[in-house]
Amino acid sequence: MASYLQIADDEKGHELDLFCIPRHYENDLDKVIIPHGLIMDRTERLARDIIQDMGGHHIVALCVLKGGYKFFADLLDYIKALNQNSDKSVPLTVDFIRVKSYCNDKSTNSVKVIGGDELSNLRGKNVLIVEDIVETGRTMQTLLSLLSECHPKMVKVVSLLVKRTPRSSGYRPDYIGFEVPDAFLVGYALDYNEYFRDLSHICILNDRAKEKYKV
Ligand code: IMP
Ligand code: MG
């Protein structure tokens, strides 16, 4: 079982005033729950774990857009650093896929692939899927079943966050950064109707903001 850093349900988080938050989001957030620095430190270790397991062969890192882009970029920087500072190194190439499953703060039943690279290029490859957050697990299960039709050699999934929720299907990624409470989180590329990707820390959205940015 993957190990992870657990953020408890009664975690109080940190006051917004202690960090730099964009002015335009100041009234929209409850607390900082995972500061950017902690995200980076945990990501560094995930890179090491992944290279230890998958580092024998060429890795294709598949970024699940849009929410995964920050984590993807930072994780790959750490993997690159390992590659350029040790005797062993593996080529790393990148692919992108775009999926959409959310409207407002609710997961919809349909998971749509709405663009990106041809998955058929992944035949025979060692693929690392990089995702921002697993909630019900439906997005990842859909993606994994699509991918299996293309016959990759190996598929591993790394998700920065996994939500503790009764809505979970039971699916767990191979690598997990943090397990988080059942709240709607934004920042570090996680969005609410496209807002808050331009916020460095992972924060809890307040109810007023859910109304304000509703579509
Ligand atoms: P799942 O299919 O229910 O596992 O949901 C996964 C997708 O929903 C993620 O890739 C996110 O894009 C989105 N999502 C789930 N929870 C949150 C959240 O708390 N904040 C932002 N996006 C979320
Ligand atoms: Mg996502």
Side-chain angles (χ1 to χ4, degrees), residues 2 4-9 11 13 25 28-36 39 43 46 61-75 95-116 128-147 155-215:
Y4 50 83
L5 197 158
Q6 180 157 5
I7 311 281
D9 284 337
E11 165 68 48
Y25 292 144
D28 302 331
L29 306 167
D30 260 355
K31 286 281 158 68
V32 172
I33 186 128
I34 315 177
H36 184 255
I39 300 172
T43 302
L46 287 172
L62 179 65
C63 176
V64 186
L65 293 169
K66 296 177 184 173
Y69 92 90
K70 278 296 294 167
F71 178 48
F72 183 79
D74 290 329
L75 180 72
D95 260 322
F96 297 88
I97 185 166
R98 182 146 178 228
V99 298
K100 197 168 172 63
S101 62
Y102 249 69
C103 183
N104 296 321
D105 62 345
K106 295 282 176 307
S107 181
T108 62
N109 277 323
S110 72
V111 179
K112 285 200 207 86
V113 175
I114 54 174
L128 175 68
I129 302 179
V130 183
E131 171 67 304
D132 53 353
I133 183 165
V134 169
E135 184 177 3
T136 62
R138 229 179 279 130
T139 302
M140 201 39 69
Q141 284 171 319
T142 307
L143 195 52
L144 283 169
S145 89
L146 280 174
L147 203 57
V155 181
K156 297 275 189 191
V157 177
V158 57
S159 184
L160 177 65
L161 309 174
V162 170
K163 214 179 264 190
R164 256 189 322 279
T165 168
R167 294 182 301 286
S168 164
S169 67
Y171 169 76
R172 301 289 279 188
D174 301 287
Y175 307 95
I176 301 170
F178 302 85
E179 195 189 72
V180 294
D182 195 1
F184 198 78
L185 305 176
V186 293
Y188 194 68
L190 279 90
D191 73 309
Y192 179 77
N193 294 332
E194 298 301 327
Y195 290 94
F196 304 99
R197 298 196 200 274
D198 55 336
L199 166 71
S200 299
H201 314 289
I202 294 178
C203 299
I204 299 187
L205 194 66
N206 67 30
D207 291 336
R208 206 157 13 121
K210 286 184 191 171
E211 268 315 304
K212 179 171 158 192
Y213 298 99
K214 206 177 199 121
V215 291

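Order of appearance sets the numbers: ligands from 1, and atoms from 1 within every ligand.
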| Numbered atoms and elements of ligand 1 in range of Asp191, under 4.0 angstrom, heavy atoms | 21 (C)
| Is it the side chain, the backbone, both or neither of Val64 that has a heavy atom closer than 4.0 Å to ligand 1? | neither
| query | Quick one: salt bridge (Lys or Arg N to Asp or Glu O under 4.0 Å) partners of Arg164, sequence neighbours excluded? | reply | Asp9, Glu179
| So, is Phe184 polar-close to ligand 1, with some N/O to N/O distance under 3.5 Å? | no
| query | Does Leu205 come within less than 4.0 Å of ligand 1, judged by its heavy atoms? | reply | no
| query | Any idea which atoms of ligand 1 are less than 4.0 Å away from a heavy-atom of Thr139? | reply | 1 (P), 2 (O), 5 (O), 6 (C), 7 (C)
| task | Could you tell me whether Val134 and ligand 1 have an N or O pair separated by under 3.5 Å? | result | no
| Just by distance, do the side chain of Asp174 and the backbone of Val157 share a donor-acceptor pair under 3.5 Å? | yes
| remark: Note: ligand 1 atoms sitting under 4.0 Å from heavy atoms of Glu131 are 10 (O)
| message | Using a 4.0 Å cut-off to any heavy atom of Lys163, which atoms of ligand 1 qualify? | response | 16 (N), 17 (C), 18 (C), 19 (O)
| Qualifying residues under salt bridge (Lys or Arg N to Asp or Glu O under 4.0 Å), relative to Asp191, sequence neighbours excluded | Arg197
| task | Decide whether the shortest distance between a heavy atom of Gly137 and an atom of ligand 1 is less than 4.0 Å. | result | yes
| Counting distance only, does the side-chain N/O of His201 pair as donor-acceptor with the main-chain N or O of His36 below 3.5 Å? | yes
| message | Between Ile204 and Leu185, is the side-chain contact (heavy atoms from CB on, under 4.5 Å) condition met? List the steps. | response | CA-CA 5 Å; Ile204 299 187; Leu185 305 176; 3.8 Å; yes
| query | Does at least one non-hydrogen atom of Leu190 fall below 4.0 angstrom from an atom of ligand 1? | reply | yes
| request: Determine, step by step, whether Asp28 and Tyr192 satisfy the side-chain hydrogen bond (donor to acceptor under 3.5 Å, both in side chains) criterion, reporting the C-alpha distance in whole Å, the side-chain angles of both residues, the deciding distance to 0.1 Å, and the verdict. | output: CA-CA 11 Å; Asp28 302 331; Tyr192 179 77; over 6 Å; no
| request: Kindly compute the distance separating NZ (Lys66) from CG (Asp132), expressed to the nearest 0.5 Å. | output: 12.5 Å
| query | Under 4.0 Å from ligand 1, counting heavy atoms only, is it the side chain of Arg167, its backbone, both or neither? | reply | neither
| message | With a cutoff of 4.0 Å, is Ala183 in contact with ligand 1, counting heavy atoms of the residue only? | response | yes
| In ligand 1, which numbered atoms sit nearer than 4.0 Å to a non-hydrogen atom of Thr136? | 1 (P), 2 (O), 3 (O), 4 (O)
| query | Using a distance-only test with no angle check, is there a side-chain donor-acceptor pair under 3.5 angstrom linking Ser169 and Gln141? | reply | yes
| message | Check this for me: does any side-chain nitrogen of one of Arg208 and Glu211 sit under 4.0 Å from a carboxylate oxygen of the other? | response | no
